[in-house]
Every structure is written in C-alpha cells, then in structure tokens.
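The structure under discussion appears below in the form of structure tokens.
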Amino acid sequence: MAKKKINKTNAIRLVEQKKIPYIEHEYAWSEEHVGTEQVAKELGQDENQIFKTLVAMGNKTGPLVAVIPGSSELDLKKLAKVSGNKKVEMLHLKELEPLTGYIRGGCSPIGMKKLFPTFFDQSAQSFDTIIVSAGKRGLQMELSPLALADLVRGTFADLQLIENEPDSYL
C-alpha cells in the first residue's frame, strides 16, 4: 500500500534536514475541535503527550515561544522569570502569522520565520516522544523532546499554571 504523500512543511523539512527521526500524524482538523483532547482522540494517542505551541511577548526579549502540554495553561509569571523578563503577555492572534509564518492551530515550534527563545515545559522530558504541530492544521509530528529542544535551542522549565497555587500568604 502506497503511503499518502503529505506536502512538506518548513517544520518537517528542518527535522529531515537534521536527520531527526519523527512520525507524521494527520487528522481531520475543524474549527470546532481545536483542543488536544480531540486531537488525541483522532490520533489514538495519550493527551498528555500532545504539546501546544504558544507565542508570547516579553517586555525585554520580545517574542518567546512556550511549548506546554495541550491540556494545561501557561503560567506567564513563570515564563517571564525563566526568560529574563519582568512581564510577559500572550501575542495577539492577528500578529501570529506575520511574526511566525504560522496560523492558529498550525503553529509549530520548528521553522518559524526566526529562531525565538523557546521554552519547553519540563514535563516533556518524562516522555520518549512528544507530539507537536508540524506546521499545518491537521498535521502533527512525534519526536524526541530532547532532539526537538536541541533543534530550536530550547530550554526546559516549569511553565504550567497550577490551580490553587497561593499568590501570597495572608
């Protein structure tokens, strides 16, 4: 049986160029089902292994990339601290494509227009492979988190927002 030809994205080309082993996962993407729960179901994969790519702006460094488990929320204070910023805000959606070359739902940490400081949630290190966007809606790639971090010169850190974490003690 012939393998279906997938148009190569910048992310896939870069991974192949560096000879990093990966597995492509394709699924039917729709605006109604953009969460990792749906992606995991479509792919038959563990939801905890699927990571989303978020882009933020630091007051000192400018653009930053955060790769976190898809079911979790980014802690902007933790990202600010680890990136050397005093304050970090999420990038406005309208600025995503001009800055990165990617659209919402297809933003990969690999192959952006520029190599921005990239931070991976430390939980990625507990997996042999993680799944991230391959640069197109409905296309994911599974690869080693260590190889991925090496490719984008990323850093592992605690980035997840923990509910009920006290901000201060009364």
Residue list, salt bridge (charged side-chain N to carboxylate O under 4.0 Å, His left out) with Glu97, at least two apart or on another chain: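 Counting only residues at least two positions away or on another chain, Glu97 forms no salt bridge (charged side-chain N to carboxylate O under 4.0 Å, His left out).
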With Lys18 via salt bridge (charged side-chain N to carboxylate O under 4.0 Å, His left out) - residues at least two apart: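 For Lys18, no residue satisfies salt bridge (charged side-chain N to carboxylate O under 4.0 Å, His left out) once neighbours in sequence are set aside.
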With Phe120 via ring-ring contact (aromatic ring centres under 6.0 Å, His included) - residues at least two apart: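 Testing Phe120 for ring-ring contact (aromatic ring centres under 6.0 Å, His included), a comparison that skips the adjacent residues, returns Phe156.
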Partner residues of Tyr22 under the ring-ring contact (aromatic ring centres under 6.0 Å, His included) criterion, sequence neighbours left out: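 Partners of Tyr22 under the ring-ring contact (aromatic ring centres under 6.0 Å, His included) test: none.
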Is there side-chain contact between [X] and [Y], with heavy atoms separated by less than 4.5 Å?
{"X": "Ser123", "Y": "Phe51", "answer": "yes"}
{"X": "Ile131", "Y": "Gln45", "answer": "yes"}
{"X": "Ile12", "Y": "Lys136", "answer": "no"}
{"X": "Ile130", "Y": "Ile50", "answer": "no"}
{"X": "Ile103", "Y": "Leu96", "answer": "no"}
{"X": "Pro63", "Y": "Leu99", "answer": "yes"}

Separation of [Y] [atom2] from [X] [atom1] (nearest 0.5 Å):
{"X": "Ile20", "Y": "Glu16", "atom1": "CD1", "atom2": "CD", "answer": "10.5 Å"}
{"X": "Met57", "Y": "Glu89", "atom1": "CE", "atom2": "CD", "answer": "9.5 Å"}
{"X": "Leu43", "Y": "Ile23", "atom1": "CG", "atom2": "CD1", "answer": "11.5 Å"}
{"X": "Asn10", "Y": "Tyr102", "atom1": "CG", "atom2": "OH", "answer": "5.0 Å"}
{"X": "Arg153", "Y": "Phe116", "atom1": "CZ", "atom2": "CZ", "answer": "13.0 Å"}
{"X": "Thr118", "Y": "Leu148", "atom1": "OG1", "atom2": "CG", "answer": "8.5 Å"}

Pair Ser133, Gln140: side-chain N/O donor-acceptor within cut-off below 3.5 Å: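 Short answer, no.
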Whether over 12 other heavy atoms sit under 6.0 Å from Asp128 CG: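 At most 12 heavy atoms, drawn from other residues, nucleotides or ligands, come within 6.0 Å of this atom.
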Ignoring hydrogens and geometry, is there a side-chain-to-backbone donor-acceptor pair from [X] to [Y] under 3.5 Å?
{"X": "Gln49", "Y": "Thr129", "value": "yes"}
{"X": "Thr9", "Y": "Ala134", "value": "yes"}
{"X": "Ser72", "Y": "Gly70", "value": "no"}
{"X": "Lys87", "Y": "Lys77", "value": "no"}
{"X": "Lys113", "Y": "Pro98", "value": "yes"}
{"X": "Lys52", "Y": "Val67", "value": "no"}
{"X": "Asp75", "Y": "Ile162", "value": "no"}
{"X": "Arg13", "Y": "Lys8", "value": "yes"}

Side-chain cluster (under 4.5 Å, hydrophobic types only) that Met90 belongs to, other residues: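 Cluster partners of Met90: Leu54, Leu64, Ile68, Leu74, Leu76, Leu79, Val82, Val88, Phe119, Leu159.
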Side chain to side chain donor-acceptor pair (under 3.5 Å) partners of Gln122, counting only residues at least two apart: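 If we apply the side chain to side chain donor-acceptor pair (under 3.5 Å) test to Gln122, skipping adjacent residues, there are no hits.
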Considering non-hydrogen atoms only, spot the tightest contact between [X] and [Y] and give its length.
{"X": "Ser71", "Y": "Glu47", "value": "CB-OE2, 3.4 Å"}
{"X": "Cys107", "Y": "Val55", "value": "SG-CG2, 4.1 Å"}
{"X": "Pro69", "Y": "Asp121", "value": "CD-CB, 3.8 Å"}

Pair His25-Glu142, side chain to side chain contact (heavy atoms under 4.5 Å, CB included): steps then yes or no: CA-CA 8 Å; His25 295 284; Glu142 181 177 346; 2.6 Å; yes
Derivation and outcome, side chain to side chain contact (heavy atoms under 4.5 Å, CB included), residues Leu143 and Val15: CA-CA 9 Å; Leu143 67 167; Val15 166; 4.3 Å; yes
